[in-house]
Amino acid sequence: MPCAAFAEQLPVPLLRFALDGSVSHANAEAVALAGGPARALAPDVWHGAMHPDDRVGFEQAWTTATTGQTARAFVRLALGGSERPVEVRFVPDGDTGFIDAVLVSAAAPLWTGEAFHQTFLEQSPIGVLHLDAAGVVTFANHHFLQMTGEAEDEVWLGLNVFDVDGVDAQLIDLLTAMLEEAVGFEEHEIVLRRHDGERRTLFVYGSPVHHPDEGLVGGVVMALDVTEQREREETLRVRARYDQAEPALRQAALSSPEQADFLDEAARILGLATLADRAQVLLPVEAGELVTSADWPAQASKPRPIRLAAVDWPLLTEGALLRVTRDQDSEAAQALLTGLDAEQAILVPFLDDEDRIGVVLLGWDALVPPWQRAERLALSQLTGLFETLWAWSRAETRFRQTVDGLDDGLFSFTYAPVLDAGGDGQPGAPIRRYEFVTHQMEALVGLAVEQLTIPLGDGGVNWTHALVHADDRAVFSAHEAQLRVGR
């Protein structure tokens with residue numbers, strides 16, 4: 001099919017600019033958008049329809065294009081009674097001296113002559129396919145090859161589009177209606193998995209192609225790569241989930257004095273943040289074995305714990321995040337999934353002690369797509385926070401156990417200033433504010449711990465008068481004066 005006719009029937013406006021800014025060609029879509037052939041060829045129409053705030057960016061992109069470089073600008077065009085946002089993509093044609101423009105979402109580049117249209121199609125920043133009446137791919141431009149892969153076994157040229165991997169059932173229905181009933185379609189989203197494993201998210205558009213003499217002879221398919229846009233959106237969604245999990249994890253550490261309670265709550269928070277169906281925390285025991293210490297969701301009856309032999313998972317000691325699925329040829333992997341009753345699992349190591357690792361184990365009832373970098377990074381940060389809080393929880397437990405074994409009472413205090421103590425606007429001597437008192441003090445002095453920590457100004461106990469014998473107060477006060485000055 002001649003490239004000129006092919007480009008003319010693309011379902012987007014195409015424009016070709018001379019270096020002086022004049023429009024030398026406009027296809028039917030551009031003519032329709034501008035409101036007539038004369039308007040389409042008038043630069044003032046396009047410039048005048050542009051939002052004033054967008055003109056500087058447009059001019060900067062144009063200047064870049066005149067130096068022979070591709071450029072783009074985002075503008076808002078008021079045409080046809082409504083304002084629409086479009087991305088203008090400039091593609092200089094060094095052979096002809098013209099600059100071609102693609103207005104994505106409301107416009108795109110244009111050319112005159114067979115060589116011009118061939119160049120446009122090959123250099124277009126949008127993937128373009130031509131299908132014959134049977135659905136066979138007779139043309140694929142370079143940008144489309146970049147999206148699908150350029151290896152010999154990845155090229156679609158010569159294949160029937162209905163047989164290509166990645167063409168989902170809904171897209172097949174849309175293509176069938178286009179080729180059989182001349183029904184176009186727009187912005188159908190597909191996820192294409194290339195042979196190298198890379199996943200690309202595409203918006204696919206389709207338009208039937210009519211020959212003046214033969215009628216419906218095929219169709220044009222355009223593909224816009226929105227992978228980066230989708231990744232940005234996914235990053236925001238992921239960050240929102242983990243931003244909620246981090247304060248919840250800190251609160252769990254503060255409100256769960258017992259280690260087991262904290263681990264149970266941590267497993268729940270980690271499971272919800274990752275959208276897992278189940279989550280466990282495994283801690284090391286003797287002989288290089290890790291065993292379930294917390295399980296979420298909580299089971300009605302105590303489940304059989306997962307046991308991992310560290311020797312079977314050497315990468316965990318290197319801090320690697322491991323993904324386990326049923327298709328892996330590993331006895332340890334299959335045993336783990338069976339014990340977890342899951343189709344997929346992710347193991348995230350954390351430091352349990354100076355030279356021992358624990359594992360956060362996450363499980364899913366079905367396979368989920370491989371995580372993007374944003375999810376892996378967010379989980380790594382959340383696990384790092386859990387590791388820190390777990391170390392603090394263990395230290396706090398050891399401290400409480402040590403204190404509980406003492407016969408003596410312990411307390412700590414700071415000095416708080418007393419403002420306007422005598423009513424003359426002058427500060428008085430600082431008084432003690434007790435911040436920490438162990439339960440042994442209650443047995444020693446006969447007052448509850450809560451009473452001993454209430455500030456004196458709020459009706460609390462004056463330790464000097466209530467607890468120190470009158471004969472000892474002078475010595476106590478002298479010692480107190482030395483403490484206030486740091487001696």
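In what follows, every heavy atom counts, from backbone to side chain, and hydrogens, waters and symmetry copies are set aside. All residue numbers refer to positions in the sequence shown, counting from 1.
By the 4.5 Å heavy-atom criterion applied to side chains, Leu175 and Phe162 are counted as neighbours. Between Trp296 and Leu272, some side-chain heavy-atom pair lies under the 4.5 Å cut-off. Counting heavy atoms from C-beta on, the side chains of Gln381 and Leu377 come closer than 4.5 Å. The closest side-chain heavy-atom distance from Tyr242 to Glu375 is below 4.5 Å. Between Val204 and Phe185 the shortest side-chain heavy-atom distance falls below 4.5 Å.
Between the Glu234 side chain and the Ala374 main chain, no donor and acceptor come within less than 3.5 Å of each other. Under a 3.5 Å cut-off, the side chain of Ser380 and the backbone N or O of Arg376 do not form any donor-acceptor pair. Within the 3.5 Å criterion, the main-chain N or O of Asp341 finds a donor-acceptor partner in the side chain of Arg278. Glu387 places a side-chain N or O within donor-acceptor distance of the main-chain N or O of Leu351, the cut-off being under 3.5 Å. Thr292 places no side-chain N or O within 3.5 Å of a backbone atom of Leu282 that could act as its donor or acceptor partner. In this structure, the side chain of Asn141 engages the main chain of Val128 through a donor-acceptor pair within 3.5 Å. At distances below 3.5 Å, not a single donor-acceptor pair connects side-chain atoms of Ser393 with backbone N or O atoms of Gln259. Of the possible donor and acceptor atoms, none in the side chain of Gln344 sits under 3.5 Å from a partner among the backbone N and O of Gly363. Between the side chain of Arg326 and the backbone N or O of Ala333 there is no donor-acceptor pair closer than 3.5 Å.
Once rounded to the nearest 0.5 Å, the distance linking CD of Glu189 with CG of Leu224 reads 11.0 Å. To the nearest 0.5 angstrom, Asp295 atom CG is 8.0 Å from Leu340 atom CG. Distance check: Asp168 CG to Ile172 CD1 gives 7.5 Å after rounding to the nearest 0.5 Å. Residue His47 holds its NE2 atom at 10.5 Å from CG of Asp54, rounded to the nearest 0.5 Å. Taken from CD in Glu343 to CG in Asp365, the straight-line distance is 8.0 Å, to the nearest 0.5 Å. Interatomic distance, Leu389 CG to Arg394 CZ, rounded to the nearest 0.5 Å: 12.0 Å.
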Point to revise | Arg250 and Leu385: CA distance, side-chain angles, deciding distance, side-chain contact (heavy atoms from CB on, under 4.5 Å) verdict | key: CA-CA 8 Å; Arg250 291 190 182 93; Leu385 175 61; 4.0 Å; yes
**Study point:** CA sep, side-chain torsions, deciding dist, call: Val167, Trp156, side-chain contact (heavy atoms from CB on, under 4.5 Å)
**Key:** CA-CA 12 Å; Val167 178; Trp156 292 23; 4.1 Å; yes
Exercise for review: Applying side-chain contact (heavy atoms from CB on, under 4.5 Å), run through Leu361 and Leu336 and close with a yes or a no.
Suggested key: CA-CA 10 Å; Leu361 177 61; Leu336 170 64; 3.7 Å; yes
Exercise for review: In sequence, state the C-alpha distance, the side-chain angles, and the governing distance for Leu322 and Ile346, and then conclude on side-chain contact (heavy atoms from CB on, under 4.5 Å).
Suggested key: CA-CA 5 Å; Leu322 303 181; Ile346 287 180; over 6 Å; no
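In this structure Glu246 satisfies the salt bridge (charged side-chain N to carboxylate O under 4.0 Å, His left out) test together with Arg239, sequence neighbours excluded. Scanning for salt bridge (charged side-chain N to carboxylate O under 4.0 Å, His left out) contacts around Glu233 gives Arg230, with sequence neighbours left out.
The pair Glu198-Arg200 meets the salt-bridge criterion, since a charged nitrogen lies less than 4.0 angstrom from a carboxylate oxygen. Ion pair Arg89/Asp100 not flagged as a salt bridge, since none of the NZ, NE, NH1 or NH2 atoms sits closer than 4.0 Å to an Asp/Glu carboxylate oxygen.
With no hydrogens or angles considered, no side-chain donor-acceptor pair links His143 and Asp225 at under 3.5 Å. Side-chain atoms of Thr67 and Gln69 include a donor-acceptor pair closer than 3.5 Å. Under the 3.5 Å distance criterion, with hydrogens and angles disregarded, a donor-acceptor pair is assigned to the side chains of Trp390 and Asp352.
For Gly68 against Pro92, the heavy-atom pair with the smallest separation is C-CG, 3.6 Å. Of all heavy-atom pairs spanning Met147 and Leu202, the tightest one is SD-CD2, 3.5 Å. Here the shortest heavy-atom pairing between Glu265 and Ala252 reads CG-CB, 3.4 Å. Contact between Pro349 and Ala320 at its shortest, heavy atoms only, is CD-O, 3.2 Å. A pairwise comparison of heavy atoms in Thr148 and Arg194 identifies O-CG, 3.5 Å as the closest pair.
Checking Val359, Leu382, Thr274, Val360 one by one against Val348, the side chain to side chain contact (heavy atoms under 4.5 Å, CB included) holds for a single residue, Val360.
The 12-atom threshold is not exceeded at CD of Glu186, counting heavy atoms of other residues, nucleotides or ligands nearer than 6.0 Å. At most 12 heavy atoms of other shown residues, nucleotides or ligands fall within 6.0 angstrom of atom CZ in Arg373. Residue-environment remark: CZ (Arg473) exceeds the threshold of 12 foreign heavy atoms within 6.0 Å.
Ring geometry for Phe262 against Phe386 counts as parallel: the plane angle stays under 30°, on a 0 to 90° scale with 60° as the upper cut.
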